[in-house]
There are 2 protein chains.
Amino acid sequence: MIRVLIADDQDLVRGGLAALLGLEPDIEVVAEVARGDEVLASVAAHRPDVVLLDIEMPGLSGLEVAERLTGVRVVIVTTFGRPGYLRRALDAGVAGFVVKDAPAAELAAAVRRVTAGERVVDPKLAVTALTVGASPLTTRECDVLRAADGGASVADIARSLFLTEGTVRNYLSSAIGKTGARNRAAAVSTARSRGWL
Amino acid sequence: MIRVLIADDQDLVRGGLAALLGLEPDIEVVAEVARGDEVLASVAAHRPDVVLLDIEMPGLSGLEVAERLTGVRVVIVTTFGRPGYLRRALDAGVAGFVVKDAPAAELAAAVRRVTAGERVVDPKLAVTALTVGASPLTTRECDVLRAADGGASVADIARSLFLTEGTVRNYLSSAIGKTGARNRAAAVSTARSRGWL
DNA sequence: CCGCCGGTATGACATTCGTCATCCCGGCCG
DNA sequence: CGGCCGGGATGACGAATGTCATACCGGCGG
């Protein structure tokens with residue numbers, strides 16, 4: 001019996017995945033959590049063989065959780081097949097990476113394969129991740145781009161990061177250049193779609 | 001036996017919902033589709049009692065599908081509890097509106113209740129929808145905001161909508177005013193979060 | 001029939017952005 | 001030890017953006 005823990009913030013989705021895996025005779029869902037920061041305690045309590053992690057969760061992101069988890073196989077299950085996400089997931093040592101628009105049958109298969117010691121990654125995604133490459137953005141450029149999301153002005157960003165307006169402009173300019181965008185909004189959009197933020 | 005059709009573009013989620021409802025003795029999932037524009041044909045073919053519609057799907061959005069569907073009860077199942085979505089859904093005559101972070105048990109309950117002729121809407125969401133109010137944006141203002149998403153310049157927007165740059169600036173200015181934002185990016189963000197786009 | 005609203009357009013104006021050059025500092029690598 | 005890179009800052013300049021007043025047209029409600 002493969003013991004599985006599921007972490008996803010959307011009740012309906014989490015319940016759905018549990019129901020899906022519950023249909024498999026050799027898989028048992030031993031716990032479900034809705035927040036990233038509850039995963040570690042639950043893993044300690046239930047000792048699952050495999051942990052399914054959504055990336056976007058309150059508390060801690062799935063990627064952050066994956067970095068902290070040891071002694072258990074991790075499969076990232078996410079809506080967004082962003083190259084940067086895959087890269088960070090692999091850096092964090094996950095055993096599998098499945099996107100939510102993959103065929104439903106693939107989930108159970110992935111769980112079995114990582115249990116058997118294999119690494120499960122969508123080949124198409126892997127190619128894209130290699131093609132797009134790693135993030136060229138520095139830490140601060142990321143910070144500034146994140147702060148710029150939602151339409152904050154240079155002054156707003158400067159205040160929220162305790163920087164001078166001029167410095168913020170420099171970082172934005174640099175990030176715009178690196179993303180090949182023509183303004184901050186496009187830069188944010190590009191960086192986000194690549195999983196760089 | 002309540003016959004249900006599920007429309008959601010993410011295989012894993014759709015499969016999950018199907019598995020979840022499959023556990024109920026009085027509910028039968030008779031069809032699944034992944035695109036909005038496949039729903040009508042599938043409804044004609046399978047004659048379900050209830051149709052579960054995700055909003056964000058390729059082809060047609062769940063809201064557009066709901067407007068076109070007659071003779072069947074519709075439940076919107078969406079990630080985003082945006083007031084504007086709920087409003088448009090109710091205008092389209094749906095019988096239920098469930099957000100994906102609702103408890104899993106609520107889905108089957110919602111299906112049963114709409115079958116019994118009830119209308120199922122999250123009370124909190126209903127309050128927010130009434131509080132926030134309907135969209136103050138005109139059609140063109142929406143168009144321009146949508147086109148502005150992703151960081152397009154005034155010139156880009158003008159080209160894509162066959163307008164003068166000055167006119168685009170006017171619409172943007174007006175939309176920025178109506179959303180209480182301080183620039184176009186914030187306006188897009190606000191309008192989107194309210195479901196006005 | 002007149003007025004208002006939405007769509008479209010023009011021109012002028014102040015403000016914000018994006019770019020560039022240049023500077024300082026502290027690590028880290030060769 | 002001497003670069004080089006990343007973080008941080010300043011000032012200047014041109015381009016893009018946001019605001020406002022004004023105008024014309026077509027439809028719809030009073």
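Sequence lines set the chain letters: A, B, ... in the order given, protein chains first and strands last, and positions in each chain run from 1. These values consider heavy atoms only, across backbone and side chains, with no hydrogens, waters or symmetry-generated copies.
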Considering only NZ, NE, NH1 and NH2 on the basic side and carboxylate oxygens on the acidic side, decide whether B/E67 and B/R88 come within less than 4.0 Å. no

Spacing of B/D143 atom CG relative to C/dG6 atom C1', expressed in whole Å: 13 Å

Specify the separation, in whole Å, of atom CD of A/E165 and atom P of C/dT15. 14 Å

Taking every heavy atom of A/S42 against every heavy atom of A/L5, the minimum-distance pair comes out as OG-CD1, 3.3 Å

Take the protein atom CD1 of A/I157 and the nucleotide atom P of C/dT16, then report the distance between them rounded to whole Å. 14 Å

Of the non-hydrogen atoms in B/L23 and A/A19, which two are nearest, and what is the gap between them? CD1-CB, 4.1 Å

Shortest non-hydrogen contact from B/G81 toward B/V99: CA-CG1, 3.7 Å

Let me check something: do A/L12 and B/V111 share a hydrophobic cluster, defined by ILVMFWY side-chain heavy atoms less than 4.5 Å apart, either directly or through other members? yes

Under 4.5 Å between side-chain heavy atoms, hopping through other hydrophobics if needed: is there a path connecting A/V94 to A/L63? yes

Which part of the nucleic acid, if any, lies within reach of A/T164 when heavy atoms closer than 4.0 Å are counted: base, sugar-phosphate only, or nothing? sugar-phosphate

Could you list, one pair per line, each protein nitrogen or oxygen that sits under 3.5 Å from a nitrogen or oxygen of nucleotides 4-6 of chain D, together with the distance?
none

Option from A/R14, A/R35, A/K100 for which salt bridge (Lys or Arg N to Asp or Glu O under 4.0 Å) with A/D54 holds: A/K100

What's the separation between atom CG in B/L161 and atom OH in B/Y171, rounded to the nearest 0.5 Å? 9.5 Å

Shortest non-hydrogen separation from A/G16 to B/L20 and the atoms involved: N-CD2, 3.9 Å

Take B/L163 and A/G151, find for each the nucleotide of DNA chain C with the closest heavy atom, and name the residue whose nucleotide sits nearer the 5' end. B/L163

Reckon B/S153 has a side-chain N or O less than 4.0 Å from the OP1 or OP2 of D/dA16? no

How close or far is atom P of C/dG6 from atom OH of B/Y171, stated in whole angstroms? 10 Å

Indicate whether the side chain of A/S173 and that of A/N170 have a donor and an acceptor atom separated by less than 3.5 Å. no

Under the 6.0 Å and 45° cation-pi test, does A/R82 pair with A/F80? yes

Angle of first-five versus last-five pair axes in the helix from C/dC1-D/dG30 to C/dG30-D/dC1, to 10 degrees: 30°

Interface residues of residues 187-197 of chain A with DNA chain D (non-hydrogen, below 4.0 angstrom): none

Show me the pairs that pass salt bridge (Lys or Arg N to Asp or Glu O under 4.0 Å) and involve residues 128-144 of chain B, at least two apart or across chains. B/R140-B/D143, B/E141-B/K178, B/D143-B/R146

In whole angstrom, what separates B/D156's CG from D/dA16's C1'? 12 Å

Without placing hydrogens or testing angles, list every side-chain donor-acceptor pair under 3.5 Å for residues 190-197 of chain A, not counting sequence neighbours.
unit_1 : atom_1 : unit_2 : atom_2 : d
A/T190 : OG1    : A/A186 : O      : 2.9
A/R192 : NE     : A/D149 : OD2    : 3.4
A/R192 : NH2    : A/D149 : OD2    : 2.9
A/S193 : OG     : A/T190 : O      : 2.9

Indicate for each nucleotide in nucleotides 18-23 of chain D, in 5' to 3' sequence, whether protein heavy atoms under 4.0 Å reach the base (B), only the sugar-phosphate (S), or nothing (-). BBB---

